[in-house]
Amino acid sequence: MDLDILDVAIFDGEALRPENRVSIRDGTITEIGTGPAAVPAERTITAEGRLLTPGFVDAHVHTTFGGQEALACDISAAGTLNEALQMIRNYVADTASTTDPANDWVIGGGWSMSHFPGGDPSADILDEACPDRPAILLSADHHSAWVNTKAMTAAGLDETSTVPVGGVIVTDSTGCPTGCLHESAIDLVSAHVPVASDEEVLAGLREGQRYLNSLGVTAWMDAIVGDYGGHRDPYGTYVGAEESGELHSEVVGSLWWPRGVEDIDTEVARLTALARTDGRFRATSVKFMLDGIVESRTAAMSNEYTCTCGGFGTSYFTRAHLEASFSALDAAGFDIHCHAIGDAAVKAALDAFEAIRSPGTTGSATAGPGERRHHIAHVQVVDPADVPRFAELGITANLQALWACHDEQMIDLNLPYLGAERSGWLYPFGSFARTGAHLAMGSDWPVSTANPWDAIHVALNRSHPTAADAAPLLPDQAIDLTTALRAYTAGSAHLLRSADNGRIRPGMHANLALASANPFELSPTDITGITNELTICNGRIVHDALPPHAPTTTDSAS
C-alpha cells in the first residue's frame, strides 16, 4: 500500500510532532514530513487536522472469547434485566434445534451484576426465558456464571455438590444452589458444555479481530490462552490463523497458569514447549489470576470486607507458590502477567516480583528493568504504600481505565463493600504516573467495550457520560491526555516486545489509527465523542469509515 496522509496532527507514541504528513510506501512508513510529499503516493488522504496515532495496543483483552460470545447469546448491550431477558428469548427462538433440547446448550454472556440484588442472578429468572434447554451465561466480568435449572440438572449440581477451592456456589437458606456460580465453581457446569469446534473458535477470532481493528487496535495481548470458563484454548487457532495469513494483527498470548498447579517444574516445562518468540502470534507471557473481583467479595483484601458477609476474599496461590513459579518462569524467559484486583493480591504480586530479584534467586536478580516485561493488570485497590513499588521494581501497571468511574457496580457493589479508607485507594493512575511507573492500557473486552477513546475519556475525567453518577471518582487520580495515549500505544507495545507497533517512526511497518478529531484541541469532557475512522494494520487498510468530508484521492492501488 502506498499512501500519503496530509494535514494531520501526529502523536507518535510519545508526544505530538510538529510535522503534518505521514507517507507510507509498500506498507512501511517512509517519511514524517510537512506539506505534500516530493513524489505523491497513489492515494492521498487529507485529514483536515484529525489526530493520527500509532495503532492502539490493547494490553489485556480476550479476543477469541469475546468474538465467540458476540456470535452467541450476547446480552452485553442490555441496559436492564428485562432487556437482557428479551435478548435471551430472541436467541432461544432463533436457534431452536430439531434435535434433543437437552443437548442444545444456550451459551453466551455479558450480564451485569448491578441488575440483580447483591449481584447474584437466579435460575428461576433464567428458566422463564429459557425453560427447555440448558443455559450458561457468563457475567460481563467473566468471574461468574448464571445457569438455569436444566444446566444444573445436566451437571448434577445440587445441595450435595462440593465447592471447589477458590469457588463460590450461591445457595438458598436450605443449601440448594440458586443458579449463580463464582470463580472456579463455574467449572462445575462449564465442564458439561459441548466443546467448541475449530470452526467456532476461528469464527470468534475473525470477529474479535474485525471488532478490535474497527476501533483502531492493531495489536493486543490475549490475556488467557488456555481453557477457561467453558471457553476452549485458542492457542491452535492463533497458530493456524497466522499460518493461513488471516491473522494480520500482532498478538502476544498469555499462557494460562492453572489454579491447581502443584508440580511447578512440570508446568513450566509444558509452557516452555508452547513458547513462540517470532511471528504475528507469539506466546511469551504467562497469566496468573491471583484473586477474584470485589463484586462477589472474591478480590483478596488485607482487611475484611465491610459488608455483613465480611471475609478477606480469595487468594488462589500461596506466597511460596508465587515466588517459586515466578522465579522458574522468569528464568525460562517468560514475562509474567498478573490479574490482581484487591490490595492483598497486588501486594502478593509485588512481593513475589521483589523476591525473584533478590540475590540468591534464579530469577531477575541480574536482569535490568528494560529486559523485564512483568506486569500487574487491573490494579483496582492498591495500598498507597505499594504504589511506589511498581517503579522501584520495574513492574508495569496495566490499566483498565474505563472502570475508574461511578458506574452502577461501583456504587452498589464496590464502595459499600470496601469502606471509606479503601474507597480512597481505587485505580490510582495519577499516583502511578507521579511515581514514575511504566503504564500500559487495555480493555479486558468482552468485560467492557474495547473502544480506546472511552477508556481514555475516563482516564482523563474519572467519569463517563453513561455513568450512574457523573461525579468524578477520586479526581486527583486522573492522568493527562499525553500520558493516556502513551500508555495505550508505546506503553502497551513495550509489554508485547513489539518492534512494529506503538510508535510512528520511519522504517516501521504502518500500524496506524486515524481519529475523527484532534483531542488535543478539545475539552477533556468531549473525548468520548471521538471515533476511529481509519485503521492501517501491518501495512494495509483494514478499516475505513472516512466520511465524505475527508478528501481522498484513489486510483487502482489497494
Side-chain angles (χ1 to χ4, degrees), residues 65 68-69 71-76 78 81-113 115-197 200-201 227-232 259-260 292 295-296 298:
F65 296 176
Q68 286 176 262
E69 289 178 19
L71 299 173
C73 185
D74 179 13
I75 58 174
S76 59
L81 175 57
N82 286 336
E83 289 180 12
L85 291 172
Q86 189 56 51
M87 290 177 180
I88 297 168
R89 293 186 199 100
N90 293 343
Y91 181 85
V92 169
D94 292 343
T95 60
S97 173
T98 57
T99 60
D100 180 6
N103 295 318
D104 188 19
W105 283 69
V106 172
I107 302 168
W111 53 272
S112 172
M113 298 182 84
H115 293 162
F116 303 93
D120 298 331
S122 59
D124 57 346
I125 300 174
L126 187 53
D127 288 344
E128 185 275 326
C130 183
D132 300 320
R133 296 160 61 184
I136 178 169
L137 303 174
L138 294 179
S139 58
D141 53 47
H142 285 63
H143 287 266
S144 304
W146 183 15
V147 297
N148 67 356
T149 300
K150 287 285 186 181
M152 291 193 288
T153 300
L157 183 66
D158 58 25
E159 66 275 11
T160 67
S161 297
T162 300
V163 181
V165 175
V168 176
I169 302 173
V170 179
T171 60
D172 61 20
S173 59
T174 67
C176 291
T178 61
C180 184
L181 308 170
H182 298 304
E183 303 298 340
S184 60
I186 297 171
D187 297 338
L188 296 173
V189 174
S190 67
H192 298 269
V193 174
V195 176
S197 66
E200 288 171 327
V201 181
D227 294 318
Y228 177 79
H231 280 292
R232 191 179 130 193
R259 292 165 175 153
E295 289 85 345
S296 60
T298 53

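Positions are given from 1, in the same order as the sequence printed here.
Between atom OG of residue S76 and atom CE of residue M87 there is a gap of 7.5 Å, rounded to the nearest 0.5 Å. Summarising the geometry, atom OG belonging to S139 is positioned 10.0 Å from atom CD1 belonging to I75; distances are rounded to the nearest 0.5 Å. Put simply, OG1 on T153 and CG on D158 are 9.0 Å apart, with the number rounded to the nearest 0.5 Å. The distance from the CG atom of N82 to the NE2 atom of H115 is 10.0 Å, given to the nearest 0.5 Å. The distance from the CE atom of M113 to the SG atom of C180 is 6.0 Å, given to the nearest 0.5 Å. The line from CG of D132 to CG of D127 is 10.0 Å long, rounded to the nearest 0.5 Å.
The closest donor-acceptor contact from the side chain of D172 to the backbone of C176 lies under 3.5 Å. Although no hydrogens or angles enter the test, the distance criterion places a donor-acceptor pair under 3.5 Å between the side chain of Y228 and the main chain of H142. Distance alone, capped at 3.5 Å, places no donor-acceptor pair between the D120 side chain and the V170 backbone.
In this structure, the side chains of T174 and E159 stay at 4.5 Å or more apart for every pair of heavy atoms. For the pair E183/R259, a side-chain contact is recorded, criterion being any heavy-atom separation below 4.5 Å from C-beta on. Using a 4.5 Å heavy-atom cutoff, the side chains of E69 and L138 are in contact. Looking at heavy atoms from C-beta onward, V201 lies in side-chain contact with Q68 at the 4.5 angstrom threshold. At least one side-chain heavy atom of C73 sits less than 4.5 Å from a side-chain heavy atom of L137.
Between the side chains of Q86 and N90, at least one donor N or O sits under 3.5 Å from an acceptor N or O.
In terms of heavy atoms, A129 sits closest to V92 at O-CG2, 4.1 Å. Here the shortest heavy-atom pairing between T95 and D104 reads O-OD2, 3.7 Å. The two residues A72 and G108 make their nearest non-hydrogen contact at CB-CA, 4.4 Å. Residues A123 and M152 come closest through the heavy atom pair CB-CE, 3.6 Å. Between T171 and T178, the shortest heavy-atom distance links the atoms C-CG2, 3.5 Å. Nearest heavy atom pair, residue G119 against residue W111, reads O-CZ3, 3.9 Å.
In this pair, W146 and F116 present their aromatic rings perpendicular. The plane angle is above 60°, beyond the 30 to 60° band.
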Side chain to side chain contact (heavy atoms under 4.5 Å, CB included), that's the test. Do N148 and V106 meet it? Break it down for me. CA-CA 10 Å; N148 67 356; V106 172; over 6 Å; no
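Checked for salt-bridge contact, R232 and E200 miss the test: no charged N lies under 4.0 Å from a carboxylate O.
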